[in-house]
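Since the structure comes first, as structure tokens, the remarks are kept for the end.
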Amino acid sequence: MPRTPITISENIEYLSILDEEGRLDAELEPDISGEMLLRLYRAMLLGRRFDERLLDLQRQGRIGTFPPIKGQEASQLGAVAHLRPGDWLVPSFRETAAEVWRGRSLSSVIIGNNGFSEGAVIPLDHNDLPVSVPVGSQVLHAVGLGWAARYRRKDDIAMTFFGDGATSEGDFHEGMNFAGVFQAPVVFVCQNNQWAISTSFAGQTHSATIAQKAVAYGMPGIRVDGNDILAVYAAAGEAVDRARAGGGPTLIECLTYRVMMHTTADDPKRYRTDAEVEIWRQRDPLPRFGKYLLDKGVASGEEQNDLEAEVLQEIQDAVDHAEKQMRTMGNPLDMFNHVYAELPPHLAAQREELARELAEAGKEVQS
Amino acid sequence: MPRTPITISENIEYLSILDEEGRLDAELEPDISGEMLLRLYRAMLLGRRFDERLLDLQRQGRIGTFPPIKGQEASQLGAVAHLRPGDWLVPSFRETAAEVWRGRSLSSVIIGNNGFSEGAVIPLDHNDLPVSVPVGSQVLHAVGLGWAARYRRKDDIAMTFFGDGATSEGDFHEGMNFAGVFQAPVVFVCQNNQWAISTSFAGQTHSATIAQKAVAYGMPGIRVDGNDILAVYAAAGEAVDRARAGGGPTLIECLTYRVMMHTTADDPKRYRTDAEVEIWRQRDPLPRFGKYLLDKGVASGEEQNDLEAEVLQEIQDAVDHAEKQMRTMGNPLDMFNHVYAELPPHLAAQREELARELAEAGKEVQS
Amino acid sequence: MTKMTMVQALNLALRQEMAKDDGVIVLGEDVGRDGGVFRVTDGLIDQFGEQRVVDTPLAESAIVGMSIGMAAYGLKPVCEIQFSGFSYQNFHQIENHAARLRWRSQGRYPMSLVLRAPYGGGVRALEHHSESREAYWAHTPGLKMVIPSGPRNARALLVSAIRDPDPVIFYEAKALYRAFREEVPDEEETLPLGRPQLVREGKDVTMISYGAMMRPVMEAAEVLRERQGVEAEVIDLLTISPLDEEILVRSVKKTGRAVVVHEAPRSFGPGAEIVSRLMEKAFFFLQAPIERVTGFDIVIPPFAREKSYIPGLERIVAAAGRTLNY
Amino acid sequence: MTKMTMVQALNLALRQEMAKDDGVIVLGEDVGRDGGVFRVTDGLIDQFGEQRVVDTPLAESAIVGMSIGMAAYGLKPVCEIQFSGFSYQNFHQIENHAARLRWRSQGRYPMSLVLRAPYGGGVRALEHHSESREAYWAHTPGLKMVIPSGPRNARALLVSAIRDPDPVIFYEAKALYRAFREEVPDEEETLPLGRPQLVREGKDVTMISYGAMMRPVMEAAEVLRERQGVEAEVIDLLTISPLDEEILVRSVKKTGRAVVVHEAPRSFGPGAEIVSRLMEKAFFFLQAPIERVTGFDIVIPPFAREKSYIPGLERIVAAAGRTLNY
Ligand SMILES: Cc1ncc(C[n+]2csc(CCOP(=O)(O)OP(=O)(O)O)c2C)c(N)n1
Ligand SMILES: Cc1ncc(C[n+]2csc(CCOP(=O)(O)OP(=O)(O)O)c2C)c(N)n1
Ligand SMILES: [Mg+2]
Ligand SMILES: [Mg+2]
């Protein structure tokens, strides 16, 4: 057969379980305990309300620029829900809900968004990397972490998040390829929110889906409705289990939408229509999941309202706590900390310079 | 349908026309004029004999390190044969046969391999880029050139060559993706010679073929028997026509083999078996094509022998010419040429420094 | 003449050059519809269309690599890297190719390419958005490295950069984008690359800087006069590399003292080259060691602490004082 | 003690550290079966297996990015970039992450990572195989930049680099790989990072260099003595950054004269920082401008002309002469 189609042996699928009308495909419904369902719902709600509160704070000048996550809670939580503490979350910069699920405190987020290095601290009981701003670059770290875990004969895995825009970066490609070659235990989660600042998905790649990019690396790929937490949960569960069992990496594309601006410095009206946003507001993952819990008898309307109040209180406490903490932070001399394990002589001298300058300016700092 | 395969709409095929036993698939046989067939055969022969001569020269210390092309002549020539002078060839470092087809003189190759910048000069009647050593990096230049041609309303296209190893680099990915998005008139030719120095194809990617990587970019991809010049010619012809007509980019994988060492500094015995090499020696593209011409009555054995003698003489002349030319080259002060369009003051001063030093050392150079 | 911010002035430069020369192509992330995250390319797409103002996918190496191809073809790409902190993603394309292709091809291929990128701190930005690493490019043969200090020279230098036959890395201080307005002539204006400018005359000490630091430096010169009657001479480099030291040397031969100011980390930074040139060319005239007032040799801290990192008025005044009292 | 080339000495360092610490992982292009294109990792795969000597696909950013993940996990990756001219492909991974992850995580994650790369000219190589751009890394906060000058210190420094808790860029001069042999002790030997060494005492002029240039510098010192009775003091930096200037300053306070030698381009190069430190700390002792003997500010030419580019004996002797006769 001299001119023959090459068979693509990778399995590339689309998965949807709870659709936007709230219709459930009962056959595919993942088996999630009531307790876990509640935890997930609470985390989605917390992610949502915290995001809204951050936007308020930003508009009031009480925090700096930040990237809202609204609408992407299901994509994040359905995936990280499978991680154990020893696993590694390797986030980009738009996974606040996932980070909080993993134990990052709300107050540390506020502190970080106020320009304090202290905000980046990772809870000691979780193996996660801090936020990574250079798009796509963190994907490679996940490969190294996954490789290292396997080398140490641990069945811990790494899960890394990135956006649709990130798939254009060379680092995404190199990371996928390395993971394939080394069969590293890594789950690649692309939150395809269809925009990279002002660049639409169509302007980002000529490929019809992100999922099919897995073909290039001999890796399974799946596209899921990213606003359907059940679908995300199911797909991520398979991928995590496969990775943990030594079956290698998976690419998951969560098809979702960035309902808000890119960051608070961005004005999306310049490049997209309200009508498009409106369509996606209707596909909101939160009420969809709420209705499911209601139907399933896991959380009544009242219980959901109580959760709402609880979550708002938690956020208020975090804001208060952060603002109190920040009053004691900010010694400029701390900027020399952790640059090296030990301060080299020339930096000790520069630190001294700054200490002198501050002293002369009458600023009191412990040096 | 909640869990459905994603249909890969890209066309990914395998093509072979003249197999290694010399069997022809007459239905697929491309329509090539006798004159063109002869030109191609001569170019293959020239590529082969020149490569062998370069190896001799290198072993005699008469040129520096260089990368032999033996066995890859068909992959190169079947593809570049479609280019018009106004098109752009964007080579890596292992396309000597293609460069020579495009008009690069044999003597300039020798001069370049002797460490003279002068060797890189591109013939004025061809729009090609010089050799590019950083693996994969040139792919992006082809996209810019193709884009620019279309911007200028020319139907010129760019054809870029790279190896299997290059497909692991981020630049390959970024270039393919940009070409897809901009539908740039670029033909991407991967010479999959199955080794990147000591790294086998299997160690390079977990993907079964290079061709299928086109799926990631929404682009057609094809794998051809790279030792079958008819197959390469047919596939490249389609791709070139498509690009020229505004149909966008194509990825062509030529499955071939690096029969020799990576460069003359390499010892392939460290990492691969002679048996493997022997298998591929049997698949040599040159006798296969010679037999086809014989069978077809395009060139008799005697004519082929005459060509052989002609080609050897051409090579000898080039060696003589190059060695003569090099005797007049090498003014160290020339190293300051072309770094900027005009020599800035600090470089003029540095050039002066060197001129003084050379003068003091009694070396005569025109400054 | 219109009073313009630096953003507007840069926009004017692009607009006029694009109108004049259809070989000028603007490309990068979000430069089209969005008009660039700082709005430098605002409205260009409406005037010149998508063929000339190209929104690219998110890949810096590709943006530069594609620009290199365009430049080899004979176009004049002006690419934007959204923040200089992400220009390391394309470092190899610049070093391996942009800086070399003219030379590698023995003059056959032009490389008229401008890489614009916002640099520097002071705008309460996220990590990687406040760096100042012009020394990387300044140390790379084959490049020109330009940093304007205000709307008017930004406009004139950008025009010159676009017309320049060599690759130019053009850093724009975010802190200056909207900091103040200046009269910018409507008609064409250029400034030669490679020529520092004497912007304030004085006899007691020479202050050398560029970019965003020119503001505190000029302020410091004023303060020095007011507080101590010291007449500082101030030089704005404008082009960091190729560095033309002539005017610097002349000034220091007169003043005998110099202070170099930049945001970049001190060690192996731009100031070191200036110190070296002055020591080579004005050794006998130096009355005191040249002071370097710079960022510290650490990653610039997130914005809660960045004020203490970036050289400010008092730090500069103090350094001048030290050279004067040496 | 065995007489070894630098290649063998580096191999010994890797072998012993790997035997001692199973957290040490070697990775890169062709480092396994092939033993590295210069054979520095020769045989390691036989001794330690494919899990610890990892042949990677051809992608520098991935090699470094993966190493960063390994280091964050607590391993000690020693990655090889085949030639320093291809380390710009991973520039962003080093600048954006390796140099910052300890700091970004407020000390939570270690970053014990060594990036080895051959650098420099003199071996008749292809384009991109002869550069000397250590200044890029030296200017990057958070990194250490080390360059040995011979088999014995190469071995000791590599061991120290592997054990160091911070990321180390470790450049190996190709020109020294097999140039000469030295006694290298079988038993463990380390050298502290960040400490230049006085390798020849003298009183007339201080010569400062590192890496491959140490050979012509030492030769020049000898020639100066023989030809002119000049006693040159010679310092081998070994660590370029963090640069500890103490011993340099002490020497120049004694000699009053200095010559700095490197292959890297002059402008904004390593020599500029050394000049600046000396001027800051030994201003009153300097009797003449410090001479910089360096590569020119152009791309290092292909090998037919590289001899005229790289500083050689006579260029160094002449520079010393100039400072002495100033
Ligand atoms: C390497 C790099 N280039 C550019 C940027 C500026 N930038 C920040 S986010 C962003 C878009 C990212 O899009 P995507 O990957 O889809 O993630 P999303 O913002 O949608 O979550 C850009 C261009 C950056 N942070 N890093
Ligand atoms: C960016 C970069 N990394 C490493 C090298 C060193 N190197 C030169 S060729 C080569 C292998 C290339 O393999 P492949 O792409 O398959 O091309 P082939 O040599 O087989 O033609 C390597 C690693 C290089 N030239 N550029
Ligand atoms: Mg996105
Ligand atoms: Mg190959």
Less than 4.5 Å apart, any side-chain heavy atom of [X] and any of [Y]?
X	Y	value
D:S267	C:R277	yes
D:F91	C:Y136	yes
C:Q89	D:N96	yes
C:I240	D:F268	yes

Check your understanding: Yes or no on side-chain hydrogen bond (donor to acceptor under 3.5 Å, both in side chains) for D:T140 and C:R133, after CA distance, side-chain angles and deciding distance?
Key -> CA-CA 9 Å; D:T140 305; C:R133 301 281 173 85; 4.5 Å; no
Point to revise | Check against side-chain contact (heavy atoms from CB on, under 4.5 Å), C:L286 and D:M279 | key: CA-CA 10 Å; C:L286 284 173; D:M279 117 99 68; 3.6 Å; yes
Check your understanding: Side chain of C:H92, backbone of D:F86: donor and acceptor closer than 3.5 Å?
Key ->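 Looks like no, no N/O pair under 3.5 Å.
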Distance, nearest 0.5 Å, that separates [atom1] of [X] from [atom2] of [Y]:
X	Y	atom1	atom2	value
D:F283	C:I290	CZ	CD1	8.0 Å
D:I274	C:S276	CD1	OG	9.5 Å
D:L143	C:D297	CG	CG	11.5 Å

Using non-hydrogen atoms only, which part of [X] is less than 4.5 Å away from chain C: side chain, backbone, both, or neither?
X	result
D:I300	backbone
D:E131	side chain
D:E291	neither

Review point. Looking at C:S87, C:A288, C:G271, which has the largest count of heavy-atom pairs under 4.5 Å with chain D?
Key: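 Heavy-atom pair counts peak at C:A288.
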Exercise for review: Specify the closest pair of heavy atoms between D:P302 and C:W103, including all atoms of both residues, with the distance to one decimal.
Suggested key: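 Scanning both residues completely, I find the closest heavy atoms to be CD-CZ2, 3.7 Å.
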**Study point:** Atom of D:V299, atom of C:A99 and distance for their closest heavy-atom approach
**Key:**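 Heavy atoms of D:V299 and C:A99 come nearest at CG2-O, 4.4 Å.
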**Study point:** Residues of residues 256-265 of chain D near chain C, each having a heavy atom less than 4.5 Å away
**Key:**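 The residues closer than 4.5 Å to chain C, in numerical order, are D:A264, D:P265.
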Check your understanding: Taking non-hydrogen atoms and a cut-off under 4.5 angstrom, which of residues 318-326 of chain D neighbour chain C?
Key ->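 Residues in range: D:Y326.
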**Study point:** Option that, when pairs with chain C are counted at under 4.5 Å, heavy atom only, ranks first among D:R104, D:H128, D:E280
**Key:**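 Of the options given, most contacts go to D:H128.
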Point to revise | C:E127, part contacting chain D, at a heavy-atom distance under 4.5 Å | key: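 When you check distances to chain D, only side chain atoms of C:E127 fall under 4.5 Å.
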Point to revise | C:R292/D:E273 salt bridge by N-O under 4.0 Å criterion | key: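 Salt bridge: yes.
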**Study point:** Other residues, nucleotides, ligands: >12 heavy atoms within 6.0 Å of D:Q287 CD
**Key:**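 Yes - once you tally the heavy atoms of other residues, nucleotides and ligands closer than 6.0 Å, there are more than 12.
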